[in-house]
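Scroll down for the structure; my scribbles are underneath it.
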Amino acid sequence: MIALVDGNNFYVSCERAFDPRLAGRPVGVLSNNDGCVVARSEELKALGVAMGAPRHLLPPAVRRQAVLLSSNYALYGDMSRRVNQVLAEFSPDVELYSIDESFVGFAGFPEEGLEARCRALRETVGRWTGIPVGVGVAPTRVLAKLANRLAKREPAFEGVCLLDADGEATRRALAACPVEALWGVARRSAERLALMGITTAWELREADPRWVRSRFSVVMERLVWELRGRPAIALDDMSEPRRRLLVSRSFGRLTGERHELEAAIRQHAARAGEKLRRQGSLARAVQVFVRTSPFLAGEPQYRNAALVALPAPSADSRELLAAARRGLEAIFLEGYRYQKCGVMLLDLVDAEGTQPSLLETPDDEARRARSGRLMATLDRLNREMGRDTVRFGLPRQGNAWALRCEHRTPRYTTRWNELMRVKTG
């Protein structure tokens, strides 16, 4: 069995963890440079504020009621790390999927006590970090995603939903789930499935896997097997455009050499940049993570992650590599033998629909155009001449990036000079 643990309105929950006065109020978190709403509390959703709504277009009545905060990626990244540290207390197999989602493997755990264990996990995460989470448990990642959706939307589950492969509860859940709501099914694929008479997750589960593969892809076939309770999908198998991109690999051997981790992170960041440009997206932030092997009891254990915000949405590999190296520098420790590292690109936006900053100068516009041409040339050479025909060496140490964050809360957990101050009476 595997669980998907997902933070509820994660960015907002991070803010509320340090400012209880925000509880029950409509709260929104803004994108880089305070342009658009990228996270909403349930109260803000109830006011009709859509995801990605430009701040300056919000109705005056909404702006008077809402608390709109700048993105605080240092805080969110550190809180994500703390949540995953708690998850590691309940299982050695924790697989980071995004800043607010992780898969937790329970292979070898007795199933009869699994729901109670997940309820204890949820309660501990909330008590130790202040972040409310939903937990969906199932035999596969796709079913765990569906279980998590039910855990967060249906009050009867009280935050934890367990689905088996063939139970009646699973059949009802799949029959009520539109196929477009499934992890890995894009809108166009859902429209094609509907034309073939498949509109629910249950109907897709009952379809012939070979027939599905012949008309869609191997990923869609694997999704059918996942719906039947047979694990078939790895995290980086999902090829549809997403809000985040993860590139990671386990090492062929354990290593404690910093230059080897740097080389791996450089390769992962370059590969993530290629995928990002291939799907026509830009990234707002880069997260780097490292971990030792959780299965070697005699080895000292260490896992950590760091998130670096970009000054503007970008698909330039030079900027992604520089950010990834900064993240590695923040978390690398001597004395450990590492088993895995990875790079995740977060808060992806459509490259064609991104609005430039109002402060952009003609020089900035020209530099952005040159960057696009350079990356297109690099991708074409590697596509036509073979992968890594042109590759990046070690990036130079760049200047510190400063974001415009007029309404950012303190970085309580990562800056000494921004620690919370308590006043006595």
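For reference, positions follow the sequence shown, starting with 1. Everything quoted here is computed from the prediction, not taken from an experiment.
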Relative to the ring of Trp183, is the ring of Phe103 parallel (under 30°), tilted (30 to 60°) or perpendicular (over 60°)?
tilted
Classify the ring geometry of Phe106 against Phe109: parallel below 30°, tilted from 30° to 60°, perpendicular beyond 60°.
perpendicular
Is it the case that Glu257 and Thr255 place a side-chain donor and acceptor less than 3.5 Å from each other?
no
Is there side-chain contact between Arg271 and His268, with at least one heavy-atom pair below 4.5 Å?
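The answer is no; the side chains never approach within 4.5 Å.
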Does this structure show an ion pair linking [X] with [Y], if we count only N-O contacts that are shorter than 4.0 Å?
{"X": "Arg222", "Y": "Glu226", "value": "no"}
{"X": "Asp208", "Y": "Arg215", "value": "no"}
{"X": "Arg326", "Y": "Glu329", "value": "no"}
{"X": "Lys145", "Y": "Glu101", "value": "yes"}
{"X": "Glu168", "Y": "Arg171", "value": "yes"}
{"X": "Glu191", "Y": "Arg187", "value": "yes"}

Can you confirm if the NZ or CZ of Arg81 lies within 45° of the ring axis of Phe289 and under 6.0 Å from the centre of its six-membered ring?
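The answer is no, since Arg81 fails at least one limit relative to Phe289.
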Of the options Asp100, Asp347, Asn72, which is the one that meets Tyr11 in a side chain to side chain donor-acceptor pair (under 3.5 Å)?
Asp347
For Ala151, give me all partners under side chain to side chain contact (heavy atoms under 4.5 Å, CB included), at least two apart in sequence or on another chain.
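Only Cys161 meet the side chain to side chain contact (heavy atoms under 4.5 Å, CB included) criterion with Ala151.
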Just verifying a value: how many Å separate Tyr76 OH and Ile99 CD1, rounded to the nearest 0.5 Å?
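If I round to the nearest 0.5 Å, the distance is 9.0 Å.
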